[in-house]
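Only a predicted model underlies this, so the values are computations on that prediction, with no experimental measurement involved. Start at 1 and go down the list; that is how both ligands and their atoms are numbered.
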Amino acid sequence: MTANNILILGGTAEAATIAERLAGGDHHVITSLAGRTRAPRAVAGEVRIGGFGGVAAMTDYLRDKRIDAVIDATHPFATQISANAVAACDAAGVRRLQLVRPAWQATTDDNWIEVEDGRAAAQAIRDGGYARAFLATGRQELPAFEQMPDVRFLVRLVDQPDQPLALADYDVVAGRGPFVEIEERALLGDQRIDVIVAKNAGGAGSWPKMAAARELGLPVIMIRRTMEPGDDPAASVEEVLKWIAGA
Ligand code: NAP
């Protein structure tokens, strides 16, 4: 496949790895970030930051920049941008490949309570009578956990918040993956966490908290994916690179 101008929809470690692996090659690579974090991780090649302004504007962008291929390497819970990419690539006649990390699977060593969304996760905390929850869901899910004065939350966010969070009782720990199991275990133990709330993000970078939960015998309230990957998604960075190379 000839793809001189490649747009990577990013915001994940995999997107940064793809940009890094393509940098210095024959392609012109632009990574697009939503601009949600204060100091995004360093990305090789050109970077643009901020929403496009919807499907029509993304379509115009693809045409203006003469984009030959789009790699949608966004997070599996970032469903709007992926839907927009499908529509804009169709409209502009641009090839698109989505990278979808395989979801994590529970084994008999895990104690997962699978739920549909943040509200159901909050209800599962109430139902379980948990008192100290580690919220590793990201900022967007936080409203579901307001009005829960009996629960002490440890909230992990990429950036320390500028404003107080609207949670009754909480602490924030700032951090960006990849995480390390031994540190995750220490954090959970030191904070006397009795339940973890997570999204089924898949991938290696956020897995260590799951490994730590398994090791400590902690329950995990796992928010399922709602995304419906399009046709033939790639499951790894290597598959994306092969697609780019035309293999
Ligand atoms: P989303 O709900 O799917 O997208 C909402 C809007 O944000 C999009 O319509 C688009 O605005 C803009 N946007 C999202 N990703 C963009 C990108 N890579 N480049 C340019 N604009 C983008 O997205 P989200 O869940 O808020 O996630 C935002 C970003 O954070 C994504 O890039 C994702 O990879 C990353 N991320 C998300 C999660 C998560 O749990 N959702 C976790 C880790 C990282 P316009 O319509 O104006 O173009």
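Using a 4.0 Å cutoff on heavy atoms, E141 does not count as a contact of ligand 1. Under a 4.0 Å heavy-atom criterion, G50 is in contact with ligand 1.
Between R185 and E215 no salt bridge is recorded (no basic side-chain N to carboxylate O distance below 4.0 Å). Salt bridge annotation for R132-D194: absent, with no cationic side-chain nitrogen under 4.0 angstrom from a carboxylate oxygen. Under a 4.0 Å N-O distance rule, the pair D150/R126 does not qualify as a salt bridge. Salt bridge absent: E181 and R214 never bring a charged side-chain N and a carboxylate O closer than 4.0 Å.
Scanning the protein heavy atoms around atom 47 (O) of ligand 1, the nearest turns out to be G53 N, 2.8 Å. Looking only at heavy atoms of the protein, atom 30 (O) of ligand 1 is closest to R36 CG, 4.5 Å. Given atom 48 (O) of ligand 1, the protein heavy atom at minimum distance is F52 N, 2.7 Å. The nearest heavy-atom contact from the protein to atom 17 (C) of ligand 1 is A34 N, 3.6 Å. Counting only heavy atoms of the protein, atom 27 (O) of ligand 1 lies nearest to A78 CB, 3.7 Å. Considering only non-hydrogen protein atoms, atom 10 (C) of ligand 1 sits nearest to I81 CD1, 3.9 Å. The nearest protein atom to atom 20 (C) of ligand 1, hydrogens excluded, is given as S32 OG, 3.1 Å; this is a heavy-atom distance.
Applying the 4.0 Å criterion to heavy atoms of T79 picks out, from ligand 1, the atoms 3 (O). Distances below 4.0 Å separate heavy atoms of N84 from the following atoms of ligand 1: 9 (O), 46 (O). Near K199, meaning under 4.0 Å from one of its heavy atoms, ligand 1 places the atoms 39 (C), 40 (O), 41 (N).
Evaluated by nearest non-hydrogen atom to atom 46 (O) of ligand 1, the leading choice among G10, G54, G51, G11 is G54. The residue from Q140, H75, R48 that puts a heavy atom closest to atom 36 (N) of ligand 1 is H75. Of all the listed residues (Q80, M58, E14), Q80 holds the heavy atom that lies closest to atom 4 (O) of ligand 1.
Between R225 and F77 the shortest side-chain heavy-atom distance falls below 4.5 Å. Between M148 and V151, the closest side-chain pair of non-hydrogen atoms falls below 4.5 Å.
Only backbone heavy atoms of L33 (N, CA, C or O) come within less than 4.0 Å of ligand 1; its side chain stays farther off.
With hydrogens and angles disregarded, no donor-acceptor distance shorter than 3.5 Å links the side chain of R119 to the backbone of A121. Proximity of a side-chain donor or acceptor of D159 to a complementary backbone N or O of P161 within less than 3.5 Å is not detected. Side-chain N or O atoms of N200 include one that pairs as donor or acceptor with a backbone N or O of W104 at under 3.5 Å.
When all heavy atoms are compared, the tightest approach of P208 to A204 is CD-O, 3.2 Å.
Grouping the Ile, Leu, Val, Met, Phe, Trp and Tyr side chains by contacts below 4.5 angstrom, directly or via other members, places L216 with M210.
Remark: ligand 1 and T137 share no N or O pair separated by less than 3.5 Å (distance only, no angle test). Of the N or O atoms in T12, none lie within a sub-3.5 Å distance of an N or O in ligand 1.
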